[in-house]
Amino acid sequence: MRNYRNSFIFAVACNIALIGILGGLWWRSAQHKNTEATTPSASDEGAQNAPNGSESASTAPHEPSLVPLQLSPERMQSIGVRMGRVERKMVSDEIRATGNVAVDETKLAYVQVRYSGYIQKVFADATYQYLRKGQPLFTIYSPDLAATEREYLVAKQNQQRVAGSTVPGVAESAASLLSAASERLKQWGVPQRELARLESTGQVQQELQVDSPVSGYITERNALPNLTVQPATRLYSVADLSTVWIFAEVFQNDMGRIKVGDRASLTVDTYPGRKFEGRVNFIYPQVDMTTRTARVRLIFQNPGLKLTPGMFVNAVLQVRAGMQLVIPASGVLQSGTRQVVFLNRGDGYLEPREVELGARAGENFVILKGLKEGEEIVTSANFLIDSESQLQAALGSFTPPPPGAGSAGAMNAPQANVELTTEPSPPRKGSNAIRVKLADANGAPISGAEVAVTFFMPAMPAMGMAAMRTPVTLSDKGNGLYEGSAQLDSGGTWQVAVVAKKNGQTVASKQLSVNATGGM
């Protein structure tokens, strides 16, 4: 029993000691974290002390830095650099869309009667039959209409009988009954010729002929022989196709540029080479959630009735934006979340400039911010220049002086001969041996230099790939030979920069491209 008690006391003492040790470790860890949180790191200090206003420092997160660079005339010619100017001019653009022809609802008419009856004969008996205004459509017998015509005749006879009566109010009452019967016939839409016939013959017509009120095409027909007709019965729909509507589907990105009254044109595969001219009539305030398009209604004259409802057409909307500052679209480098142009300062000095773009107008972009009228920008080989600018920024090499401070050709001239080789050759994804051989202009080896090789692959935002940089410091093996190893994270085209310094001065530099094997 005593042994059991001693064991229990020993176990409790061990547990208490263990808890004390763990508590002390936790307290020291918490104190260490608090010290780290309150002490600025070297990277934080560097960020605080970094100069403001530099081109590379103002870039957005995950965007590669860019620096100015200077190219010799030979280099610019070899990569095909061309220039364009920032201009202010009248901007117009075209928005292309597809659509369908529809009936102009303002020129759509319905044929109905305002009394009940029975259709006897039908003359317009086919859908899409063309009608002229006043053309007979059908005949109808209406007991109500016949009764009203008899009332009219009786009222007329009574008026004639009491016309000479001296009894007060008799003549006025007879005239009032005749006027009421005549007005009822007019309100029912009985044509004037029928009233004239009734007046001249004094006979009730059993069948009344109904004529077309408008000219156009029958788009709907319900009039059939022996059909019982009520005032709400729609017998014909007649469409005047001298003008038609076009319902065009326009992407929501272009909606803000379209205004009512803008010019429009359309072509139809049925009539090659024929162009129809019209205008924007209405913009529907709703976007289709599936196609992200909105309807724009266009109105067109339809000479010769070439455009028929339901026809598929290709529409072009002419958009005018007035006087705007524009540059060639080829001069803009779309880089992730920013748009960059390279400004030509002269003597091959190219400066990256972030700009804010407006709408695209044909082969141009509208500039909202970042450029001035008359400035010159690069319009071709932008990607190669961007890659070289990224490489210079990644290397941290010096920025070329502004124009007038020196010759581009002299600056780009090599001070020594640099020969770069790899093992394996070509290099591959993974580990590679890097060798550099230095010799002066006379071919004598250069020893005792500090040689750094940097492999750089520019960012490709469209593929979701960030920039990659692999710096390598080579060891002097004597007789102008320097060796080291580089771990390449991807296959593909790498930009390589070799910089050799001796006594703090750059004695040799070279830039080239190598293609590494292996996957991305």
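Note that this is a predicted model, so its numbers are computed, not measured.
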**Request:** May I ask you to decide whether E249 forms a salt bridge with R295, counting only side-chain N to carboxylate O separations under 4.0 Å?
**Result:** yes
**Prompt:** With a 4.5 Å limit on heavy-atom distance, are the side chains of K437 and R435 in contact?
**Reply:** no
**Prompt:** Sub-3.5 Å donor-acceptor pair from the side chain of Q511 to the main-chain atoms of Q495, do we have one?
**Reply:** no
**Request:** Can you see which heavy atom on F247 is nearest to which on A102, and at what distance?
**Result:** CE1-CB, 3.3 Å
**Request:** In sequence, state the C-alpha distance, the side-chain angles, and the governing distance for R428 and T517, and then conclude on side chain to side chain contact (heavy atoms under 4.5 Å, CB included).
**Result:** CA-CA 4 Å; R428 66 187 176 191; T517 60; 3.3 Å; yes
**R297 atom CZ, neighbour heavy-atom count above 12 within 6.0 Å** = yes
**Request:** Take V250 and M255 through the test side chain to side chain contact (heavy atoms under 4.5 Å, CB included) and record every step on the way to the result.
**Result:** CA-CA 7 Å; V250 177; M255 293 303 299; 4.0 Å; yes
**Request:** With rounding to the nearest 0.5 Å, note down the distance linking CD1 in I79 to CG in L71.
**Result:** 5.5 Å
**Prompt:** Around atom CZ of R292, are there more than 12 heavy atoms of other residues, nucleotides or ligands at under 6.0 Å?
**Reply:** yes
**Item:** Full working for side chain to side chain contact (heavy atoms under 4.5 Å, CB included) between D386 and L66
**Value:** CA-CA 7 Å; D386 177 72; L66 299 175; 3.2 Å; yes
**Request:** Using a cut-off of 6.0 Å, state whether more than 12 heavy atoms not belonging to K259 lie near its atom NZ.
**Result:** yes
**Check: V101 and T308 side chains under 4.5 Å, non-hydrogen atoms** = no
**Item:** Pairwise distance CG(L325) to CG(L371) - rounded to 0.5 angstrom
**Value:** 7.0 Å
**Request:** For N382 and S380, indicate whether the former's side chain and the latter's backbone hold a donor-acceptor pair under 3.5 Å.
**Result:** yes
**Asked** In Å and rounded to the nearest 0.5 Å, what is the CG to NZ distance from N479 to K477?
**Response** 13.5 Å
**Message:** Do L241 and P309 make a side-chain contact, defined as non-hydrogen atoms from C-beta onward lying under 4.5 Å apart?
**Reply:** yes
**Request:** Measure from the side-chain N and O atoms of N432 to the backbone N and O of G430, and report whether any donor-acceptor pair falls under 3.5 Å.
**Result:** yes
**Asked** Looking at side-chain heavy atoms only, is the closest gap between E376 and R85 below 4.5 Å?
**Response** yes
**Prompt:** Can you tell me how far the CG atom of N364 sits from the CD atom of E87, to the nearest 0.5 Å?
**Reply:** 7.5 Å
**Note, L357 side chain near I367 side chain (heavy atom, < 4.5 Å)** = yes
**Asked** So, Y271 side chain and K306 main chain: donor-acceptor pair closer than 3.5 Å or not?
**Response** yes
**Asked** What residue among N281, N302, T243 forms side-chain hydrogen bond (donor to acceptor under 3.5 Å, both in side chains) with D104?
**Response** T243
**Residue that, paired with D93, satisfies side-chain hydrogen bond (donor to acceptor under 3.5 Å, both in side chains) out of R257, R360, R320** = R257
**Asked** Is there a side-chain contact between F365 and V326 (heavy atoms, below 4.5 Å)?
**Response** no
**Prompt:** So, does T454 use its side chain to make a donor-acceptor pair with the main chain of A497 at under 3.5 Å?
**Reply:** no
**Item:** Heavy-atom donor-acceptor pair, D288 side chain to T290 backbone, under 3.5 Å
**Value:** yes
**Message:** With a 3.5 Å distance limit and no angle check, can you tell me whether S212 reaches the backbone of Q135 through a side-chain donor-acceptor pair?
**Reply:** no
**Message:** Restricting to side chain to side chain donor-acceptor pair (under 3.5 Å), what partner residues turn up for D211, sequence neighbours left out?
**Reply:** R193, Q209
**Complete:** In short, A508 meets V418 closest at the heavy-atom pair CB-CG2, 3.6 Å
**Message:** Let's go through D269 and N314 carefully: what are the C-alpha distance in whole Å and the side-chain angles of both, what is the deciding distance for side chain to side chain contact (heavy atoms under 4.5 Å, CB included) to 0.1 Å, and is it a yes or a no?
**Reply:** CA-CA 9 Å; D269 294 339; N314 297 302; 4.2 Å; yes
**Message:** Taking Q505's backbone N and O only, do any of them form a donor-acceptor pair with N503's side chain (distance below 3.5 Å, no angle check)?
**Reply:** no
**Complete:** Correct closest heavy-atom pair for G480 and S447 would be N-OG, 3.3 Å
**Item:** Distance in Å, Y482 OH paired with S475 OG, rounded so as to fall on 0.5 Å steps
**Value:** 10.5 Å
**Request:** Examine distances only and state if a side-chain atom of T422 and a backbone atom of P424 form a donor-acceptor pair shorter than 3.5 Å.
**Result:** yes
**Request:** Compare all side-chain heavy atoms of P426 with those of V514 and state whether any distance is below 4.5 angstrom.
**Result:** no
**Taking every non-hydrogen atom, the tightest pair across L266 and I246** = CD2-CG1, 3.6 Å
**Asked** CE/M76 to CE/M83 distance, rounded to the nearest 0.5 angstrom?
**Response** 3.5 Å
**Item:** Charged N-O contact under 4.0 Å between E356 and K369
**Value:** yes
**Prompt:** Looking at M468 and S490, what are the two nearest heavy atoms and their distance?
**Reply:** CE-CB, 3.6 Å
**Message:** Taking ring pair (Phe, Tyr, Trp, His ring centres under 6.0 Å) as the definition, give me every residue that meets it alongside F312, ordered by chain and number, with sequence neighbours left out.
**Reply:** none
**Message:** Is it the case that over 12 heavy atoms from other parts of the model lie below 6.0 angstrom from the NZ atom of K107?
**Reply:** yes
**Asked** Is any side-chain heavy atom of R221 closer than 4.5 Å to a side-chain heavy atom of Q129?
**Response** no
**Message:** Determine whether a donor-acceptor pair (N or O, by modelled atom type, separation under 3.5 Å) exists between the side chain of N222 and the backbone of R234.
**Reply:** yes
**Message:** Quick check: closest heavy atoms across S389 and P352, and the distance to 0.1 Å?
**Reply:** OG-CG, 4.4 Å
